[in-house]
Amino acid sequence: ELMLNLQLGIRHAVGKQGPITLDLKSSAFDPKEKVWTRFPPEGSKYTPPHSSCDFRWKDYCPQVFRTLRRLFKVDAADYMLSLCGDQALRELSSPGKSGSFFYLTSNDQYMIKTMKKAEVKVCAWLLSLSKCFLTS
C-alpha cells in the first residue's frame, strides 16, 4: 500500500506543471515550502481513483526538485515511467536505521527513501547549501 501511495503521489507531483527557473529564491529551499494533496480512494477533482486507503501526500520543495530534474536533463516522462510503471519499485529488504523504507526502481536508476520530519529539515538545508552550484 505504501508503494502504491508513493507512486500516486510522485505521478501527481511530477505531472503538475510549475515554474522551472534557475533563479531559485531562498524560500524555495524551506521545508515549509510544501504542497499537500489529499488522495481519497474515490478520487477527486485533482487525483485519480485508486485501490489504496485515503492518504495525504506532501511534496517538499517542488520548485527545487523540478529545477534539479531540468538541470540534470531528467526527462519527466522517463522519470515517471521508472518510478510509476507497472514493475517500477522494489522494496529493499532491510529498513534503514531510522526505520525508513527504501525503494529501488527496476532499472536501478532511482532510489526512494521515506523520511521523518527531522530528516526533511536536514535534506532541505543540504539542498539550500547547493543553491550557489545550481545557479552558476
same_hphob_cluster([X], [Y]) at 4.5 Å side-chain heavy-atom cutoff:
X: Met3; Y: Met80; result: yes
X: Phe101; Y: Ile10; result: yes
X: Leu4; Y: Leu2; result: yes
X: Leu6; Y: Tyr79; result: yes
X: Leu129; Y: Phe72; result: no

To the nearest 0.5 Å, how far apart are [atom1] in [X] and [atom2] in [Y]?
X: Gln7; Y: Leu83; atom1: CD; atom2: CG; result: 8.0 Å
X: Cys84; Y: Leu8; atom1: SG; atom2: CG; result: 8.0 Å
X: Ser82; Y: Leu89; atom1: OG; atom2: CG; result: 9.5 Å
X: Leu24; Y: Arg66; atom1: CG; atom2: CZ; result: 10.0 Å
X: Lys16; Y: Arg11; atom1: NZ; atom2: CZ; result: 15.0 Å

Shortest non-hydrogen contact from [X] toward [Y]:
X: Pro31; Y: Val120; result: CB-CG1, 4.1 Å
X: Ala13; Y: Asp59; result: CB-OD2, 3.3 Å
X: Arg90; Y: Thr105; result: NH1-O, 3.2 Å
X: Glu119; Y: Thr114; result: OE1-O, 4.3 Å

Are the side chains of [Y] and [X] in contact, using a 4.5 Å heavy-atom criterion?
X: Leu68; Y: Leu127; value: yes
X: Pro49; Y: Glu42; value: no
X: Glu91; Y: Leu104; value: no
X: Gln109; Y: Asp78; value: no
X: Arg38; Y: Ser44; value: no

Tell me, please, which residues at least two apart from Phe55 pass ring-ring contact (aromatic ring centres under 6.0 Å, His included).
->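 With neighbours one apart ignored, the set is Phe39, His50.
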Between Tyr110 and Tyr103, is a ring pair (Phe, Tyr, Trp, His ring centres under 6.0 Å) present by the stated rule, with each step listed?
-> CA-CA 8 Å; Tyr110 304 102; Tyr103 295 93; over 10 Å; no
Step-by-step side-chain contact (heavy atoms from CB on, under 4.5 Å) determination, Cys61 to Lys34 = CA-CA 6 Å; Cys61 306; Lys34 61 183 172 267; over 6 Å; no
Quick one: does Thr47's side chain have a donor or acceptor within less than 3.5 Å of a partner on Gly43's backbone?
->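 The answer is no, because no donor-acceptor pair under 3.5 Å joins these two groups.
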Do Phe65 and Tyr60 make the cut of ring centroids closer than 6.0 angstrom?
->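 So the answer is no for these two rings.
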Verify the neighbour count for atom NZ of Lys113: are there more than 12 heavy atoms of other residues, nucleotides or ligands below 6.0 Å?
->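 Correct, the count exceeds 12.
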Please list, chain by chain and in numerical order, all residues satisfying side-chain contact (heavy atoms from CB on, under 4.5 Å) with Cys53, sequence neighbours excluded.
->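 Once residues adjacent in sequence are excluded, the partners of Cys53 under the side-chain contact (heavy atoms from CB on, under 4.5 Å) criterion are Glu1, Asn5.
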